[in-house]
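Each remark here refers to the structure printed beneath this line.
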Amino acid sequence: MHYDTLSIPEATRLQQALREKLVIQPRDFPLQVVGGADISFNRFSTTVYAGIVLLSFPALQPLTYSLVKKEVHFPYVPGYLAFREVPALMEAWEQLPLKPDVLVVDGHGIAHPRRMGIAAHFGALSGQASIGCAKKRLFGTYTEPGPERGAYTPLLHKEEVIGSVLRTKAHVKPVFVSPGHRMDVQDSLSLILQCCGRYRLPEPTRLAHAAVNRFRLGELPEGITQIPADH
DNA sequence: GCGACAG
DNA sequence: ATCTTGTCGC
């Protein structure tokens, strides 16, 4: 992956090419394992700590952690997050002993100017079903959903529905859910809501975030960690 | 030209 | 994203 040396115009071209590979359709596979992906890093540092956590579904019990440390030089530019984070995530992905049925990525899916947010980018590259779940809006218009858990409104671009604004917990800021690959808007929304417990963020995202942070702080080792089932 | 702007 | 201080509520 030579993302580090790409110019923004070149990156835009790559997004336009990958867009042709995207499949947005109702989920057509069973759901038994979900993954959560996230990145952590120190401010001003070029080292990123990537992680993917596997959870059983619908029980949401953690099964495995895959952690990878990598150098990146592509800058953070809104609309081009994938070029910073996907290479490290792909390494974490490749060392997984078993792949999840769907991967929840911290960021947007098709709710992006060229429909190529990080979740869509990762899905188009890997062939993996994916969903984007972001904490802030990048693209699209919406009205505020109701204050109750489960309330949602469409994220729109012109007439097109590109995602959902979902209240995952009563009276907290909503999250932005959009399909990445091999999912549609409705199935993405449904899955994310099923992944939410008593917190604002869905469990795959929460656990991935906790894992990469502990990894960065030296509390977890690089590589694969199998989590023993508790009996 | 002026705002907006995932992580 | 990360860091930091303070407040609210279970």
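Residue numbers begin at 1 in each chain, while the letters A, B, ... track the order of the sequences.
- Applying the salt bridge (Lys or Arg N to Asp or Glu O under 4.0 Å) test to pairs two or more places apart or on separate chains, those with a residue in residues 128-142 of chain A are A:Asp106-A:Lys135.
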Would A:Thr12 and A:Gln15 satisfy side chain to side chain donor-acceptor pair (under 3.5 Å), going step by step from the backbone distance to the final call? CA-CA 5 Å; A:Thr12 303; A:Gln15 289 179 328; 4.8 Å; no
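- Annotation: salt bridge (Lys or Arg N to Asp or Glu O under 4.0 Å) contacts of A:Glu160 (sequence neighbours excluded): A:Arg115.
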Expected list for residues 83-94 of chain A: side-chain donor-acceptor pairs under 3.5 angstrom, two or more places apart:
unit_1	atom_1	unit_2	atom_2	d
A:Arg84	NH1	A:Phe74	O	3.0
A:Glu91	OE2	A:Lys70	NZ	2.8

If you write DNA chain C from 5' to 3' in dot-bracket form, with Watson-Crick or G-U pairs under 3.5 Å, [ ] for crossing pairs and | for pairs with another strand, what do you get? ..........
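- For the pair A:Arg167 and A:Glu144, the salt-bridge criterion is met [side-chain N within less than 4.0 Å of a carboxylate O].
- If you check residues 207-218 of chain A against DNA chain C, the residues with a heavy atom closer than 4.0 Å are A:His209, A:Asn213, A:Arg216, listed by number.
- Between A:His112 and A:Tyr80, the ring center distance fails the sub-6.0 Å criterion.
- Of the inter-residue distances, the one linking A:Thr168 atom OG1 with A:Ile192 atom CD1 reads 9.5 Å to the nearest 0.5 angstrom.
- For the contact set between residues 156-169 of chain A and DNA chain C, defined by any heavy atom under 4.0 Å, there are no members.
- Residues satisfying the side chain to side chain donor-acceptor pair (under 3.5 Å) criterion with A:Lys21, sequence neighbours excluded, are absent altogether.
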Before you tell me yes or no, could you show the steps for A:Leu55 and A:Leu63 under side-chain contact (heavy atoms from CB on, under 4.5 Å), namely the whole-Å CA-CA distance, both residues' side-chain angles and the distance that decides it to 0.1 Å? CA-CA 5 Å; A:Leu55 324 171; A:Leu63 306 171; 5.6 Å; no
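- Side-chain polar atoms of A:Ser40 and A:Arg216 form a donor-acceptor pair below 3.5 angstrom.
- Ring centroid separation for the pair A:Phe176 and A:Tyr142 comes in under the 6.0 Å cut-off.
- Between A:Glu10 and A:Arg13 there is no salt bridge, since none of the side-chain N atoms of the basic residue sits less than 4.0 Å from a carboxylate O of the acidic one.
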Whether each nucleotide of nucleotides 5-10 of chain C has a protein heavy atom under 4.0 Å at its base (B), only at its sugar-phosphate (S) or at neither (-) is summarised, 5' to 3', as ------
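- For A:Thr64, the side chain to side chain donor-acceptor pair (under 3.5 Å) criterion is met by A:Gln226, not counting sequence neighbours.
- Counted within 6.0 Å of CD on A:Gln16, heavy atoms from surrounding residues, nucleotides or ligands total more than 12; the atom is thus considered enclosed.
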Do A:Val104 and A:Leu191 pass the side-chain contact (heavy atoms from CB on, under 4.5 Å) test, and can you show the C-alpha distance, the side-chain angles, and the key distance before you say yes or no? CA-CA 10 Å; A:Val104 179; A:Leu191 188 145; 4.3 Å; yes
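- When base pairs are accepted only as Watson-Crick or G-U wobble with both N-N or N-O distances under 3.5 Å, DNA chain B takes part in no stem of 3 or more pairs.
- Not a single salt bridge (Lys or Arg N to Asp or Glu O under 4.0 Å) links A:Glu222 to another residue, sequence neighbours left out.
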For A:Glu71 and A:Thr47: C-alpha separation, side-chain torsions, deciding distance, then whether side-chain contact (heavy atoms from CB on, under 4.5 Å) applies. CA-CA 5 Å; A:Glu71 291 296 305; A:Thr47 303; 2.6 Å; yes
Contact letters for nucleotides 2-7 of chain B, in which S counts primed atoms plus P, OP1 and OP2 and B counts the base, heavy atoms under 4.0 Å: --SBBB
